[in-house]
Undergrad: 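Okay, here's the structure, questions in a sec.
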Amino acid sequence: MPGFELFGEKEKQSVQDVLETGVLMRYGFDGARNGHWKAKELEAALCHRMQVKHAQVVSSGTAALTVALASAGVGAGDEVILPTFTFVASFESVLAIGAVPILADVDDTLTLSPLAVENAITPKTKVVMPVHMCGSMADLKALKALCDTHKLILLEDACQAIGGSFEGKPLGSYGDLGCFSFDYVKTITCGEGGALITNNPDFYINADHYSDHGHDHVGSNRGVESHPFLGYNYRISELNAAVGCAQIARLDEFVDLQEKHYNILFDALKNIDGVTFSRIPMGGVQNYSFLNFFLPKEDVTRKAHQALGEGGVDACFYWYDNNWHYYRKWEHLTSLTSLGKLPDEVQKNLPDYSKSDFSASDSWIGRTISCLIKLSWTETEVQERAKKMAMIIRDVLKS
């Protein structure tokens, strides 16, 4: 998902704007800025592109999730439902505020199963957090209906899917809150950075304050600002925001290029007997950052993944054995291994995931290979890659 592949003059000029002023902090120093407010500029661009009223840029995607949860009033003992297949940041953000991550199965979308979510709801549930993995999206319509029925918050973790949409709405804007990551290997990058978006003015004000030590940002003197509530430091720097300003303007360019490369690979695999693809919910448009496909059995999938690597086809992932992205390897969550004591609410109420039955997730992830779509490929390289992938997979399926 690397926007850094096409990092160029626009990004350099935006950073140079900041360097020439010497003002690296997003707040204050008004007179020295020479009119450059890169964090504010990025927030305005996100509001426009994501069709929302409010955006708050922060220091990372993990920070965005943490701030979003806190801004919605989620705290100790509250339960947040999230998928078994996600990056560890999703449950880290929940634990950071003392809430309890409740894992639920994924389905053939590779994201949260609405049926699994419905079965996981308890009186303590406060948030449903679908994670739009590998460029695609969850069944948002069904999840929104569940949230409306049970009066829950729908928080979209769209860190891997910026540029996609559902029912004409950009991913991240369909729920009550949406979060993005702009780290070095996301579709667009700030180097390090993230953002949350919302149409809820209360959530936005809370996020604005909470991400900067509780400052209310009233007036022009930080020393006399009031602090309505406790907060922490999740600020982004102007240098990081400057890179993001250039990259957000190129998002559609990046997605269009990803779609072109995706379709070449898709066309090469679609007629192979035994190959099927992850489901895109009706009304959804992915951002084409990954080509996700299923093979008939786990052992065949393992052989195919190994054969692709041995055949020189890089950037193909077998998530089933990945300790960053799939629950099977999250021993630090299962055992609650922490540098300090975790809240009693977490220790007492976290399910024993070492005994949980997530066989429904295993049946999908164990048969999944995800191939990263690179921006820097030439058309010839993509065509050659497509032919090689098809040949290797056919050979494995015949063996």
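Small disclaimer: the values here were computed from a predicted structure and weren't measured.
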Undergrad: Aromatic contact between H215 and H227, with the criterion being ring centroids under 6.0 Å apart: yes or no?
TA: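 Close enough - the centres of the two rings lie under 6.0 Å apart.
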Undergrad: For atom OH of Y232, is the number of surrounding heavy atoms from other residues, nucleotides or ligands below 6.0 Å larger than 12?
TA: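 No.
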Undergrad: Could you please spell out the steps behind the side-chain hydrogen bond (donor to acceptor under 3.5 Å, both in side chains) verdict for D362 and Y326?
TA: CA-CA 10 Å; D362 292 341; Y326 197 50; 2.8 Å; yes
Undergrad: Given the rule in the side chain to side chain contact (heavy atoms under 4.5 Å, CB included) test, do L350 and L342 qualify, once you have shown the distances and angles that lead to the verdict?
TA: CA-CA 11 Å; L350 187 79; L342 291 168; over 6 Å; no
Undergrad: Kindly compute the distance separating CD1 (I248) from CD1 (I188), expressed to the nearest 0.5 Å.
TA: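 Here the rounded value is 3.5 Å.
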Undergrad: Would you please say whether a donor-acceptor pair under 3.5 Å links the side chains of E156 and Y174?
TA: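 Short answer, no.
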Undergrad: Going by distance alone, is a donor N or O of one side chain under 3.5 Å from an acceptor N or O of the other, for S113 and D105?
TA: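 Per modelled atom types, S113 and D105 side chains form no pair under 3.5 Å.
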Undergrad: Rounded at 0.5 Å granularity, tell me how far CZ in R302 sits from NZ in K297.
TA: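 One gets 15.0 Å once the value is rounded to the nearest 0.5 Å.
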Undergrad: Within the 3.5 Å criterion, strictly below it, is a donor on E310 or Q306 matched to an acceptor on the partner's side chain?
TA: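 There is such a pair (donor and acceptor under 3.5 Å, judged by atom type) between the side chains of E310 and Q306.
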Undergrad: Hey, do the aromatic rings of F85 and W364 have their centres closer than 6.0 Å?
TA: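 F85 vs W364: aromatic centres not under 6.0 Å.
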Undergrad: For T122 and E79, does a side-chain donor sit closer than 3.5 Å to a side-chain acceptor?
TA: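 Short answer, yes.
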Undergrad: Is K144 salt-bridged to D148, cutoff N-O under 4.0 Å?
TA: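 Here K144 pairs with D148 in a salt bridge, since their nearest N and O are under 4.0 Å apart.
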Undergrad: Looking just at side-chain N and O atoms, do T378 and T380 make a donor-acceptor pair shorter than 3.5 Å?
TA: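 No, no side-chain donor-acceptor pair sits under 3.5 Å.
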Undergrad: Could you tell me which non-hydrogen atom of G135 sits nearest to which non-hydrogen atom of S289, and how far apart they are?
TA: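 For G135 versus S289, the nearest heavy atoms are CA-OG, 3.3 Å.
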Undergrad: Keeping the roles fixed (side chain from D157, backbone from V131), state whether a donor-acceptor pair exists under 3.5 Å.
TA: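 No.
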Undergrad: Going by heavy atoms in the side chains, are H132 and L140 under 4.5 Å from each other?
TA: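 In contact.
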Undergrad: Is any NZ, NE, NH1 or NH2 atom of the basic residue among K40 and E43 found under 4.0 Å from an Asp or Glu carboxylate oxygen of the other?
TA: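 The answer is no: the pair does not qualify as a salt bridge.
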Undergrad: Can the ring centres of Y327 and F358 be said to be less than 6.0 Å apart?
TA: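 Distance test on ring centres: under 6.0 Å, yes.
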Undergrad: Hydrophobic side-chain clustering at under 4.5 Å (ILVMFWY, transitive links): who's grouped with Y184? Put none if nobody.
TA: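 Members besides Y184, by chain and number: F4, V185.
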Undergrad: Is E225 close to H217 at the side-chain level, that is, under 4.5 Å between some pair of heavy atoms?
TA: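 When only atoms from C-beta onward are counted, E225 and H217 do touch, with a gap below 4.5 Å.
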Undergrad: Is the number of heavy atoms from other residues, nucleotides or ligands within 6.0 Å of CD (E379) greater than 12?
TA: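 For E379, atom CD is not crowded (no more than 12 foreign heavy atoms under 6.0 Å).
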Undergrad: Which atom pairs, donor and acceptor, lie under 3.5 Å between side-chain atoms of residues 386-399 and protein residues at least two apart or in another chain?
TA:
residue: K388; atom: NZ; partner: G311; partner atom: O; Å: 3.4
residue: S399; atom: OG; partner: V396; partner atom: O; Å: 2.7

Undergrad: Just checking D273: does its CG atom have more than 12 heavy atoms from other residues, nucleotides or ligands closer to it than 6.0 angstrom?
TA: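 Check fails, neighbour count at 12 or below.
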Undergrad: List the residues meeting side chain to side chain contact (heavy atoms under 4.5 Å, CB included) with D176, not counting sequence neighbours, and say none if there are none.
TA: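 Checked D176 against side chain to side chain contact (heavy atoms under 4.5 Å, CB included); matches are I153, L154, F203.
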Undergrad: If I compare all heavy atoms of V117 with all of I81, which pair ends up nearest, and what's the gap?
TA: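 Minimum heavy-atom contact is O-CD1, 3.9 Å.
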Undergrad: Closest heavy-atom contact between L155 and A68?
TA: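 Closest pair (atom of L155, atom of A68, distance): CD1-CB, 4.0 Å.
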Undergrad: Aromatic ring centroids of F294 and F277 under 6.0 Å?
TA: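 That pair fails the under 6.0 Å test.
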Undergrad: Are any side-chain N or O atoms of N322 and backbone N or O atoms of H325, one a donor and one an acceptor, separated by less than 3.5 Å?
TA: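 Here the side-chain-to-backbone pair exists.
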Undergrad: In Å, rounded to the nearest 0.5 Å, how long is the span from CG of L42 to SG of C47?
TA: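 Rounded to the nearest 0.5 Å, the CG-SG separation comes to 9.5 Å.
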Undergrad: May I ask you to check whether T368 and W319 show a side-chain donor-acceptor distance below 3.5 Å?
TA: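 There is no such pair (donor and acceptor under 3.5 Å, judged by atom type) between the side chains of T368 and W319.
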Undergrad: Taking only Lys NZ, Arg NE, NH1 and NH2, and the carboxylate oxygens of Asp or Glu, determine whether R385 and E381 approach each other closer than 4.0 Å.
TA: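 Salt bridge between R385 and E381, a charged N being under 4.0 Å from a carboxylate O: no.
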Undergrad: Search all heavy atoms of G73 against all heavy atoms of D78 and return the closest pair with its distance.
TA: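 Of all heavy-atom pairs spanning G73 and D78, the closest is O-OD2, 3.9 Å.
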